[in-house]
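Atoms within each ligand, like the ligands themselves, are counted from 1 in listed order.
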Amino acid sequence: MNDLPITKDEILKELDSIQAEDLKYSDGRILGSMCTEAHPFAKEVYMRFLDSNLGDPGLFKGTKSIEDETVKIIGRLLHLDNAYGNIVTGGTEANIMAMRAARNHARKYKGIKNGEIIIPKSAHFSFKKAADMMNLKIVEVDIDKNYKIDIASLREKITDNTVAIVAIAGTTELGLIDPIEEISEIACENNIYFHVDAAFGGFSIPFLRNAGYEFPEFDFTLKGVSSITVDPHKMGLAPIPAGGIIFRKKEYLEVMAVDSPYLTVKTQSTVVGTRGGASSAATYALLKYFGKKGYSELALNLMDNTHFLKESLEEIGYELVVEPELNIIAFNHPTKSADELSKELEEINGWKVSVAQCPKAIRIVLMNHVTKTHLKELMKDLKELF
Ligand SMILES: *Cc1c(COP(=O)(O)O)cnc(C)c1O
């Protein structure tokens with residue numbers, strides 16, 4: 001650390017030159033990220049709430065009421081009249097909270113000590129973190145030939161120690177939606193906590209349905225669904241960090257509550273203590289700013305780009321792994337491996353795709369910063385590399 005102060009100008013100059021090493025979303029080369037540039041209005045709102053601390057909500061009653069209302073609005077979008085939950089740092093923290101609620105609930109009401117969670121291979125790695133932290137055993141349910149949870153396998157995996165079943169609405173690798181209706185019924189029959197991870201799909205499926213897309217039910221309409229993760233910092237265009245955990249019942253927060261003696265409220269259920277209120281304010285502002293209409297238009301535009309990319313790829317002869325359900329495309333070259341092609345794409349023009357592992361494929365996430373112009377440039381290169 002320097003002994004003497006350094007001028008702001010000098011510091012900013014240094015920071016600018018370091019930041020120049022980062023990729024910029026606006027260059028359109030980031031093709032494998034589920035995040036994107038935040039909306040300018042959300043950034044403006046975020047700055048106004050930088051100092052508010054939701055870890056001590058008695059001091060920030062206004063901001064706390066914004067968080068509560070944001071949770072209620074997202075809850076209503078997911079067909080739950082009176083939602084409980086929090087705006088957290090992202091899908092990971094939301095999933096950790098859901099698994100903690102499920103474990104504590106099963107411990108309290110069923111006396112389960114060595115809990116198991118049933119998750120598909122396609123689940124996000126955040127569940128591994130949750131299981132590791134809470135000493136839960138991961139039981140992997142099989143996926144079928146369409147890369148979705150196999151219902152027969154799920155029935156077989158349930159034991160007396162199952163504390164949660166997890167399904168995904170918008171898988172991280174392929175953007176697919178599990179058969180949530182059937183799983184909800186199984187969860188009801190067996191009286192097991194059912195968590196839907198819609199970190200990716202949560203800000204798109206409801207709006208696409210609104211616009212006429214036919215998706216099966218995936219939300220609180222299904223009475224077996226106990227909680228849903230939704231990430232405003234993905235298709236919601238909120239600044240990082242912004243995740244959402246929505247619970248059907250207040251008791252799921254209550255079973256996680258610990259005493260918080262020196263604060264203005266008596267208990268706390270979140271994983272994090274001191275936590276920003278800016279994410280809630282920015283998300284709230286965007287929900288109002290776009291409304292259902294605005295978010296539907298955004299979601300439709302992403303699907304339009306998805307279909308454009310799909311058709312362009314098929315025209316050349318690339319093979320799609322599955323028919324896309326949301327704005328993710330996974331494909332392969334008939335002979336080159338995904339790793340090879342990914343390397344060539346980076347070399348030819350700095351394209352940053354990601355490589356899906358199950359199955360191995362080039363994975364492109366059509367986020368807001370990826371425009372048709374970028375996609376046309378990409379296709380020119382993919383044609384050359386074919
Ligand atoms: C992105 C994602 C997560 C993790 O969210 P973070 O915000 O990166 O913590 C979890 N589940 C799914 C399905 C996701 O797409």
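- Judged by distance alone, the side chains of Glu67 and Asn86 do bring a donor and an acceptor atom under 3.5 Å apart.
- The residues Glu217 and Arg209 are annotated as salt-bridged, a charged nitrogen and a carboxylate oxygen being separated by less than 4.0 angstrom.
- Residue Asp231 touches ligand 1 through its side chain alone, judged by heavy-atom distances below 4.0 Å.
- Distances from atom 2 (C) of ligand 1 to the heavy atoms of Glu173, Lys234, Met34 put Lys234 nearest.
- Side-chain atoms of Glu69 never come within 3.5 Å of backbone atoms of Tyr284 as a donor-acceptor pair (strictly under, hydrogens ignored).
- Using cut-offs of 30° and 60° for the angle between ring planes, the Phe386 and His333 rings count as tilted.
- Tyr84 carries Lys72 over the face of its six-membered ring, with the cationic atom under 6.0 Å from the centre and within 45° of the normal.
- When atom types are taken as modelled, the side chain of Thr229 and the backbone of Ala199 share no donor-acceptor pair closer than 3.5 angstrom.
- Residue contacts with ligand 1 include Gly170, since one of its heavy atoms falls under 4.0 Å from the ligand.
- There is a side-chain donor-acceptor pair under 3.5 Å between Asp197 and Asn95.
- Other residues, nucleotides and ligands contribute more than 12 heavy atoms inside 6.0 Å of the CG atom of Asn2.
- Comparing Lys129, His233, His124 against atom 10 (C) of ligand 1, the shortest heavy-atom distance belongs to His124.
- For ligand 1, the atoms closer than 4.0 angstrom to any heavy atom of Phe200 are 15 (O).
- Looking at Thr229 against ligand 1, nothing comes within 4.0 Å, counting heavy atoms.
- For a threshold of 3.5 Å applied to N or O pairs, the pair formed by Thr92 and ligand 1 contains at least one separation below that value.
- Interface of Gly90 with ligand 1, defined as ligand atoms under 4.0 Å from a residue heavy atom, comprises 7 (O), 9 (O).
- On a distance-only criterion, Gly91 and ligand 1 share at least one N/O pair closer than 3.5 Å.
- For ligand 1, the polar-atom distance check against Thr171 finds no nitrogen or oxygen pair separated by under 3.5 Å.
- Ring planes of Tyr289 and Phe41: tilted class, angle from 30 to 60°.
- Atoms of ligand 1 found under 4.0 Å from any heavy atom of Asn95 (numbered from 1 in listed order, with element): 10 (C), 11 (N).
- Short contacts between ligand 1 and Asp197, defined as distances under 4.0 Å to a heavy atom of the residue, involve ligand atoms 10 (C), 11 (N), 12 (C), 13 (C).
- Contacts of Glu93 with ligand 1, taken as heavy-atom pairs under 4.0 Å, are absent altogether.
- Near Ala199, with a cut-off below 4.0 Å to any heavy atom, the atoms of ligand 1 are 2 (C), 3 (C), 10 (C), 11 (N), 12 (C), 14 (C).
- Judged purely by distance below 3.5 Å, without hydrogens or angles, the side chains of His369 and Thr36 pair a donor atom with an acceptor atom.
- Near Thr172, meaning under 4.0 Å from one of its heavy atoms, ligand 1 places the atoms 12 (C), 13 (C), 14 (C), 15 (O).
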